[in-house]
Protein chains: 2
Amino acid sequence: MSEFNDKQVDILLAAEQLFAEEGFDGASIRTIAKLAHVNIAMISYYFGSKEKLLEALIIHRTSSMKMQLENISREDLSPFEKVDRLIDLYIWRINENKCMYQIMHFELTTKKRILNMESFMEIKKSNAEIFRRIIEEGQQKGDFRKDLTIELIPPTILGTIVHFRSNRLYFEKILGLDTEEAYESYITNELTLHIKQTIKALLANEN
Amino acid sequence: MSEFNDKQVDILLAAEQLFAEEGFDGASIRTIAKLAHVNIAMISYYFGSKEKLLEALIIHRTSSMKMQLENISREDLSPFEKVDRLIDLYIWRINENKCMYQIMHFELTTKKRILNMESFMEIKKSNAEIFRRIIEEGQQKGDFRKDLTIELIPPTILGTIVHFRSNRLYFEKILGLDTEEAYESYITNELTLHIKQTIKALLANEN
DNA sequence: CAACAAATTAAACAAACGTTTAATTTAAAC
DNA sequence: GTTTAAATTAAACGTTTGTTTAATTTGTTG
C-alpha cells in the first residue's frame with residue numbers, strides 16, 4: 001500500500017503531531033524519535049534530514065487527500081445540495097487532517113523554508129476548479145446570483161473553520177464548551193450550520 | 001508617551017518582524033539583535049529573556065489596539081452602514097498589525113508556551129461585545145434577521161482575511177497578482193467587497 | 001553456518017542556541 | 001572634577017541542536 005514501512009510511518013506520525021504542536025523549529029529530532037520509539041539516528045537514516053522529513057510528511061499526507069470532491073460534482077443533486085455536501089466535506093477534511101493544516105498554515109507564511117509546496121498548491125487548484133464548476137452550474141440554473149467572486153468563497157469557508165480552531169481557547173471560554181467533545185460537536189453542528197447559512201445567503205438569487 | 005526607550009523599541013520592532021517571518025523558535029536572539037543594531041546582551045539586559053521579550057511585545061501591541069470600535073458603535077449610522085464600517089476597520093487593523101496577527105496565530109495554537117494571553121483575549125471579548133450590540137440594534141430595527149449565531153460572524157470576517165493572507169502565494173498565482181501593490185489593493189478592494197457582500201447577505205432580513 | 005546487506009545502536013561531532021559575566025564606556029548629579 | 005549609576009561591549013558559559021560515525025545486531029540468502 002504505502003511506500004513507507006512501519007517504522008517510517010511511526011516517525012511520520014510522531015513528526016506530524018510534534019510539528020503541529022510545537023512548530024517545525026520547536027520540535028526536536030530527539031523528541032520526535034522518543035515519541036516514535038526509535039533511535040535518533042533512524043530519522044537521518046530513513047529521511048536524510050529534518051527538513052526532508054517535513055517534505056516527506058507533506059507529500060505523504062497531501063497525496064492521500066486527492067480527489068474526494070470529484071464524486072460530489074458528479075452526483076445527481078441540486079446546486080444547493082451540492083454546496084451543502086461540499087461544506088460538510090471541507091469540515092470533515094480539516095477535522096481528519098488538523099495537524100497537517102496546522103503545519104501548512106505556518107509553513108506557508110514563514111519565509112524560512114521555501115520548500116516544494118507544489119503538491120499542496122495543485123490540490124488546492126483542482127479543488128477550486130471543481131468548486132467553480134458547481135457554482136457555475138447553479139448560476140446557469142438561475143439558483144445562484146451571478147455577481148460573485150467564486151475564488152473568494154472557499155477562503156470564507158476554510159477561513160472560518162481554521163480561525164475557529166486556532167482560537168480554540170477563546171471560543172471554549174465564551175461559548176462555555178468545557179470538554180473536548182463539546183467543542184468538536186459544536187464544530188460539526190453549530191459552526192457547520194453557520195457556514196452553510198452564510199454561503200447559501202451569499203449564493204441565493206433574490207429574484 | 002511609551003514606556004520603552006528608543007533602543008527598546010528598536011528591539012521590539014525587530015523581534016516583531018522576525019517572530020512573524022520565522023516563528024518564535026526560528027528567530028534567534030542574535031538575528032534580532034543584528035536587525036535592531038544592538039549588542040546581543042542588550043536583549044537580556046532590557047527584557048530579561050527571549051520569552052519575556054515576546055510577552056512584552058504582545059502587551060505593547062495589544063494595548064495600543066484597544067477601543068477603536070467604540071466610536072463606530074456611537075456614530076449615527078444605519079445598522080448596515082455600521083457593519084460596513086466595522087468590516088473596513090477589521091481589515092485595516094489586520095493590515096496595520098499583520099506581523100502581530102501572524103505571531104498570535106502561531107502562539108495561540110502552539111502548546112509550547114502558555115504565556116499570558118489574557119490581554120489579547122480581553123480585547124477580543126470587548127470587541128465581540130460591541131459587535132453584538134450593533135447586530136442586535138439592527139435586529140430590533142427589523143433590518144437584520146434574528147436566527148443568527150452572532151459569535152460566529154467575526155470568525156467569518158477575520159478568518160477570510162487571515163486565510164487569504166496566509167495563502168498569499170497561492171492567490172497571487174491564481175488571481176494573477178504579480179506585485180506587492182496589486183496584492184494589497186486586491187485586499188482593500190475585491191476582498192473587502194466580497195466580505196461585505198457575504199456578511200450583508202447573511203444579515204439581511206428577507207421579509 | 002557462512003556471508004552479506006539492512007537495521008539499529010551509543011557515542012561523538014561541530015555549530016548554534018539563550019544567557020551571563022566582567023570589564024569598559026557613557027551620561028548625569030553633585 | 002569627582003562620584004555614581006546606567007548603558008554597552010566582547011567573550012565565555014553550559015545546553016541543546018541536527019547530523020555523522022563506527023560498532024553491533026538482526027535478518028536473509030546461498
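Just so you know, these numbers come straight off a predicted model, no measurement behind them. So you know, we letter chains A, B, ... as the sequences are listed, proteins then strands, and number each from 1.
Residue B:D6 qualifies as open at atom CG: its count of foreign heavy atoms under 6.0 Å is 12 or below. Heavy-atom contacts from other residues, nucleotides or ligands closer than 6.0 Å to CG of A:D147 number more than 12.
No engagement by B:F47 is indicated, since no non-hydrogen atom pair under 4.0 Å with the nucleic acid exists. Nucleic acid contact class of B:S28 (heavy atoms, under 4.0 Å, all strands): sugar-phosphate only. Residue-level contact check: A:I40 touches the bases, meaning some heavy atom is under 4.0 Å from a base atom. Across all strands, B:A27 comes closer than 4.0 Å only to sugar-phosphate atoms, never to a base (heavy-atom distances).
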side-chain contact (heavy atoms from CB on, under 4.5 Å) evaluation trace for B:N167 with A:K124: CA-CA 10 Å; B:N167 288 271; A:K124 299 196 69 164; 2.8 Å; yes

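A straight line from CG of A:N39 to P of C:dA11 spans 11 Å, rounded to a whole angstrom. Rounded to whole angstrom, the span from the CG atom of B:N5 across to the P atom of D:dA7 amounts to 7 Å. Atom CE in A:M42 sits roughly 18 Å away from atom P in D:dT24 (whole-Å rounding). Rounded to whole angstrom, the span from the CZ atom of B:F24 across to the P atom of C:dC17 amounts to 13 Å.
With D:dT8, C:dA7, C:dT19 as the choices, the nucleotide that has an atom nearest any side-chain atom of A:Y46 turns out to be C:dA7.
Under the 4.5 Å side-chain criterion, counting only non-hydrogen atoms from C-beta, A:R145 is not in contact with A:L203.
Map A:R30 and A:H37 each onto its nearest nucleotide of DNA chain C; the residue landing nearer the 5' end is A:H37.
Contact annotation: B:Y45 side-chain N/O to D:dT8 OP1/OP2 distance is not under 4.0 Å.
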